[in-house]
Asker: 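Let me begin by handing over the structure; questions about it come next.
So you know, we letter chains A, B, ... as the sequences are listed, proteins then strands, and number each from 1. These numbers were taken from a predicted model, which means no experiment stands behind them.
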There are 2 protein chains.
Amino acid sequence: MGTQSPEEVLQEYLRERGMLMTPQRKTLLQLFLEEPKHFSAEEFYERVKQVDDSIGQATVYRTLKLFTESGLAETLDFGDGRTRYERRLGREHHDHLICIRCRDSIEIRAPEIERLQEEVAGRHGYELTDHALYLYGICPKCRGKE
Amino acid sequence: MGTQSPEEVLQEYLRERGMLMTPQRKTLLQLFLEEPKHFSAEEFYERVKQVDDSIGQATVYRTLKLFTESGLAETLDFGDGRTRYERRLGREHHDHLICIRCRDSIEIRAPEIERLQEEVAGRHGYELTDHALYLYGICPKCRGKE
DNA sequence: ATAGGTGCAAAAGCTTTGCTATTTG
DNA sequence: CAAATAGCAAAGCTTTTGCACCTAT
């Protein structure tokens with residue numbers, strides 16, 4: 001069945017379009033899989049340099065895009081001007097609830113909302129392919145400090 | 001009661017913080033209110049130049065931010081790297097359904113989803129202040145061309 | 001008079017791209 | 001060996017900022 005490891009997914013994605021597996025891509029994939037919940041390209045680049053400082057910034061950007069296109073990663077937009085990345089393959093879908101005070105964020109799962117989204121899209125004749133839901137608010141800790 | 005025109009809202013916002021009403025701000029407000037559903041700062045700047053080409057780009061950016069802070073405008077993020085603006089005051093809240101093929105978008109209203117968002121946030125102890133929901137899909141026209 | 005605003009051009013911040021040398025299969 | 005990739009540095013795009021001059025109250 002369709003349960004493939006991230007490595008296999010990437011390999012297949014590359015092979016299908018005549019692209020190559022390189023040491024850089026291997027290294028970046030491994031580091032990507034170890035990353036915490038989400039991170040910016042710049043943050044990832046910093047991490048990468050600690051492991052192999054011969055890998056260039058452009059490669060990091062290009063590879064994160066590759067991961068996204070191959071379904072391994074997904075991009076997030078927290079509204080601060082930079083793209084964030086997060087592991088997608090093998091993880092359950094979720095949205096984000098972000099504290100506007102401390103910038104902390106938590107992952108939320110809300111199947112009821114997902115279902116309603118499908119319904120609303122269908123109502124307008126659209127076939128839903130993706131969605132992004134960001135909830136902004138004040139977290140319990142920050143509310144306590146008011 | 002609290003039904004104020006955009007002009008009044010801006011005036012009050014400015015007065016409260018010792019800011020001034022200027023000819024530029026008047027012109028930009030008028031043009032902003034005439035704009036179609038949503039637009040980028042650059043698009044707005046192009047429009048502004050047609051009316052008064054002495055108004056600088058920096059003023060346009062600064063003023064759009066002012067409109068946003070004063071509640072007249074809200075920002076949208078369609079994921080293409082630039083901020084879009086849209087009239088907020090006096091308009092009903094809505095989200096966006098965007099076609100990934102032709103980039104066309106429509107406004108959607110889904111009170112059920114809004115309510116569930118409140119509930120989910122509350123479940124995590126958050127006080128919801130804002131949210132952004134973008135649905136991406138393929139519109140009826142583009143589906144017909146498949 | 002004086003805080004605040006504007007225009008201009010430069011700077012900043014993130015991301016992409018052109019080019020040449022290397023590497024993969 | 002041919003096609004694809006990496007690294008580097010430069011360029012690109014959107015947005016912000018420093019500064020000298022101007023203006024609303």
Side-chain angles (χ1 to χ4, degrees), chain A residues 7 10-32 38-70 73-85, chain B residues 7 10-32 38-70 73-85:
Chain A
E7 291 78 1
L10 184 58
Q11 282 283 10
E12 185 172 326
Y13 183 87
L14 295 174
R15 183 164 30 73
E16 279 172 357
R17 37 214 98 203
M19 295 166 79
L20 309 173
M21 179 56 92
T22 63
Q24 288 89 340
R25 284 176 180 164
K26 276 194 182 124
T27 299
L28 292 178
L29 176 58
Q30 188 191 329
L31 290 175
F32 167 69
H38 52 71
F39 55 88
S40 65
E42 211 55 41
E43 285 163 356
F44 191 52
Y45 179 42
E46 287 308 313
R47 173 80 187 101
V48 169
K49 279 195 293 193
Q50 293 174 4
V51 173
D52 180 349
D53 71 350
S54 73
I55 294 181
Q57 184 205 38
T59 298
V60 169
Y61 274 91
R62 285 191 278 238
T63 306
L64 285 173
K65 184 168 285 183
L66 168 67
F67 289 169
T68 303
E69 287 162 354
S70 63
E74 96 184 85
T75 60
L76 304 179
D77 192 329
F78 283 16
D80 63 345
R82 51 179 155 180
T83 303
R84 314 245 162 186
Y85 296 84
Chain B
E7 291 79 1
L10 184 57
Q11 282 283 9
E12 186 172 325
Y13 183 87
L14 294 174
R15 183 164 29 75
E16 279 171 357
R17 36 215 98 203
M19 297 166 78
L20 309 173
M21 177 57 89
T22 64
Q24 288 89 338
R25 286 176 178 164
K26 276 194 180 125
T27 299
L28 292 178
L29 177 58
Q30 188 191 329
L31 290 176
F32 168 67
H38 52 72
F39 54 90
S40 66
E42 211 52 44
E43 286 164 355
F44 191 51
Y45 180 42
E46 288 307 312
R47 172 83 186 101
V48 169
K49 280 195 291 192
Q50 294 172 4
V51 173
D52 180 348
D53 70 351
S54 74
I55 295 180
Q57 184 206 38
T59 298
V60 169
Y61 274 91
R62 286 190 277 237
T63 305
L64 285 173
K65 184 168 284 183
L66 169 67
F67 289 170
T68 304
E69 286 162 356
S70 64
E74 94 184 87
T75 59
L76 304 178
D77 192 329
F78 284 17
D80 62 347
R82 52 180 155 179
T83 303
R84 314 246 162 186
Y85 295 84

Asker: For the backbone of B:Leu64 and the side chain of B:Thr68, can you confirm whether one donor and one acceptor N or O come within less than 3.5 Å of each other?
Answerer: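 Present.
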Asker: Taking the nucleotide of DNA chain D with the closest heavy atom to each, which residue, B:Gln11 or B:Gly81, is nearer the 5' end?
Answerer: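 Upstream on the strand: B:Gly81.
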Asker: Rounded to whole angstroms, how far apart are NZ on B:Lys65 and C1' on C:dG5?
Answerer: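 Nearest whole value for this atom pair: 16 Å.
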Asker: Can you tell me how far P of C:dG5 sits from CE of B:Met19, to the nearest Å?
Answerer: 5 Å
Asker: At under 4.0 Å between heavy atoms, what does B:Ser40 touch on the DNA or RNA strands: base, sugar-phosphate, or nothing?
Answerer: nothing
Asker: Is the cationic atom of A:Arg47 (NZ for Lys, CZ for Arg) positioned less than 6.0 Å from the six-membered ring centroid of A:Tyr45 and within 45 degrees of its normal?
Answerer: no
Asker: Measure the shortest side-chain to side-chain distance between B:Leu66 and B:Arg25 over non-hydrogen atoms and say whether it is less than 4.5 angstrom.
Answerer: yes
Asker: If you find the nucleotide of DNA chain C closest to A:Ala41 and the one closest to B:Arg17, which residue's nucleotide is nearer the 5' end?
Answerer: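 Between the two, 5'-proximity favours B:Arg17.
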Asker: Heavy atoms, side chains only, cut-off 4.5 Å: are A:Thr83 and A:Asp77 in contact?
Answerer: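 Heavy-atom side-chain distance check fails, nothing below 4.5 Å.
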Asker: Can you give me the bend angle of the helix from C:dA1-D:dT25 to C:dG25-D:dC1? Use the axis through the first five pairs and the one through the last five, nearest 10 degrees.
Answerer: 30°
Asker: When the distance from CG of A:Leu20 to P of C:dT24 is rounded to whole Å, what number comes out?
Answerer: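 Interatomic distance, CG of A:Leu20 to P of C:dT24: 9 Å.
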Asker: Counting only side-chain nitrogens and oxygens, does A:Thr83 get under 4.0 Å of the OP1 or OP2 atom of C:dT15?
Answerer: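 It does, given that an N or O in the side chain of A:Thr83 lies less than 4.0 Å from OP1 or OP2 of C:dT15.
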Asker: Side-chain contact test, heavy atoms from C-beta onward, threshold under 4.5 Å: evaluate it for B:Gln11 versus B:Arg15 and give yes or no.
Answerer: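 Not touching, per the 4.5 Å side-chain cut-off.
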Asker: In whole angstrom, what separates B:Arg82's CZ from D:dG12's C1'?
Answerer: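 The answer, rounded to whole Å, is 13 Å.
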Asker: Do B:Phe78 and B:His38 pass the side chain to side chain contact (heavy atoms under 4.5 Å, CB included) test, and can you show the C-alpha distance, the side-chain angles, and the key distance before you say yes or no?
Answerer: CA-CA 11 Å; B:Phe78 284 17; B:His38 52 72; 3.6 Å; yes
Asker: Going by atom types alone, do B:Tyr61 and B:Glu42 pair a side-chain donor with an acceptor below 3.5 Å?
Answerer: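 Note: B:Tyr61 and B:Glu42 side chains meet the donor-acceptor criterion.
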Asker: On DNA chain D, check which nucleotide each of A:Gln24 and B:Tyr85 is closest to and give me the residue with the more 5' one.
Answerer: A:Gln24
Asker: Rounding to a whole Å, what distance do you find between B:Tyr13:OH and C:dG4:P?
Answerer: 14 Å
Asker: Within residues 51-64 of chain A, find the residues that approach DNA chain C with a heavy atom at under 4.0 Å, and present them sorted by residue number.
Answerer: A:Gln57, A:Ala58, A:Tyr61, A:Arg62
Asker: For B:Arg84 and B:Glu43, run side chain to side chain contact (heavy atoms under 4.5 Å, CB included): C-alpha distance rounded to whole Å, both residues' side-chain angles, the deciding distance at 0.1 Å, then the answer.
Answerer: CA-CA 9 Å; B:Arg84 314 246 162 186; B:Glu43 286 164 355; 4.0 Å; yes
Asker: Could you check how far CD of B:Glu16 sits from C1' of C:dG4, rounded to whole Å?
Answerer: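 Rounded to the whole Å, the gap is 17 Å.
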Asker: What is the separation between atom CZ on A:Arg15 and atom P on D:dT5, rounded to the nearest whole Å?
Answerer: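 Rounded to whole Å, this separation is 15 Å.
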Asker: Could you check which residues of residues 42-50 of chain B get a heavy atom under 4.0 Å from DNA chain D? Sort them by number, please.
Answerer: none
Asker: Tell me: CG of A:Leu14 to P of C:dT23, nearest whole Å?
Answerer: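 Going from A:Leu14 (CG) to C:dT23 (P), I get 19 Å.
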Asker: Just to confirm, is there a sub-4.0 Å distance from OP1 or OP2 of C:dG5 to any side-chain nitrogen or oxygen of B:Arg25?
Answerer: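 Answer yes for this pair, as a side-chain N or O of B:Arg25 is under 4.0 Å from OP1 or OP2.
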Asker: Could you go step by step and tell me if A:Arg62 and A:Val60 meet the side chain to side chain contact (heavy atoms under 4.5 Å, CB included) rule?
Answerer: CA-CA 5 Å; A:Arg62 285 191 278 238; A:Val60 169; over 6 Å; no
Asker: Hey, do the aromatic rings of A:Phe32 and A:Phe67 have their centres closer than 6.0 Å?
Answerer: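 Between A:Phe32 and A:Phe67, the centre distance is under 6.0 Å.
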Asker: Would you check, one step at a time, whether the test side chain to side chain contact (heavy atoms under 4.5 Å, CB included) holds for B:Ile55 with B:Lys49?
Answerer: CA-CA 7 Å; B:Ile55 295 180; B:Lys49 280 195 291 192; over 6 Å; no
Asker: A side-chain contact here means heavy atoms from C-beta on lying under 4.5 Å apart; do B:Leu14 and B:Leu20 qualify?
Answerer: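 No, their side chains stay 4.5 Å or more apart.
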